[in-house]
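Structure first, then comments.
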Amino acid sequence: MCTHLPHCPTADSPDREAAQAIASHPEQGWSLLCNGVLLFEDTGELLPDGQTIAPHRPPVTA
C-alpha cells in the first residue's frame, strides 16, 4: 500500500505504528495506516491479516 518514499514500516515490523495515516476518523477513534494497519485511539491495532494487538498504553502515574 505504501507508495511514498521512504517506505513506511510493514505491518509485521515492530515499528508499524510509524507508518503514515491515509485515513483518519477521530470521531470514531481509528486511523488507517498506509501499511494496512488499523490503529485505534486506545492504542489497540488490527493488522491486515486479522491479527489483533491489545492496547499498550503506558501506565498512568499519579
Quiz item: Sub-3.5 Å donor-acceptor pair from the side chain of T52 to the main-chain atoms of L46, do we have one?
Solution: no
Quiz item: Within the side chain of H56, is there an N or O that forms a donor-acceptor pair under 3.5 Å with the backbone of T43?
Solution: yes
Closest approach of [X] and [Y], non-hydrogen atoms and distance?
X   : Y   : result
P55 : D42 : CB-O, 3.1 Å
V37 : L47 : CG2-CD2, 3.8 Å
C8  : Q20 : SG-N, 3.4 Å
R16 : N35 : O-ND2, 3.1 Å
G36 : P48 : O-CG, 3.5 Å

[X] [atom1] to [Y] [atom2] distance, which is reported to the nearest 0.5 Å:
X   : Y   : atom1 : atom2 : answer
E41 : S24 : CD    : OG    : 10.5 Å
L33 : L38 : CG    : CG    : 8.0 Å
I22 : L32 : CD1   : CG    : 4.0 Å

Exercise. Not counting sequence neighbours, which residues clear side-chain contact (heavy atoms from CB on, under 4.5 Å) with H25? List them please.
Key: E27, Q28, W30
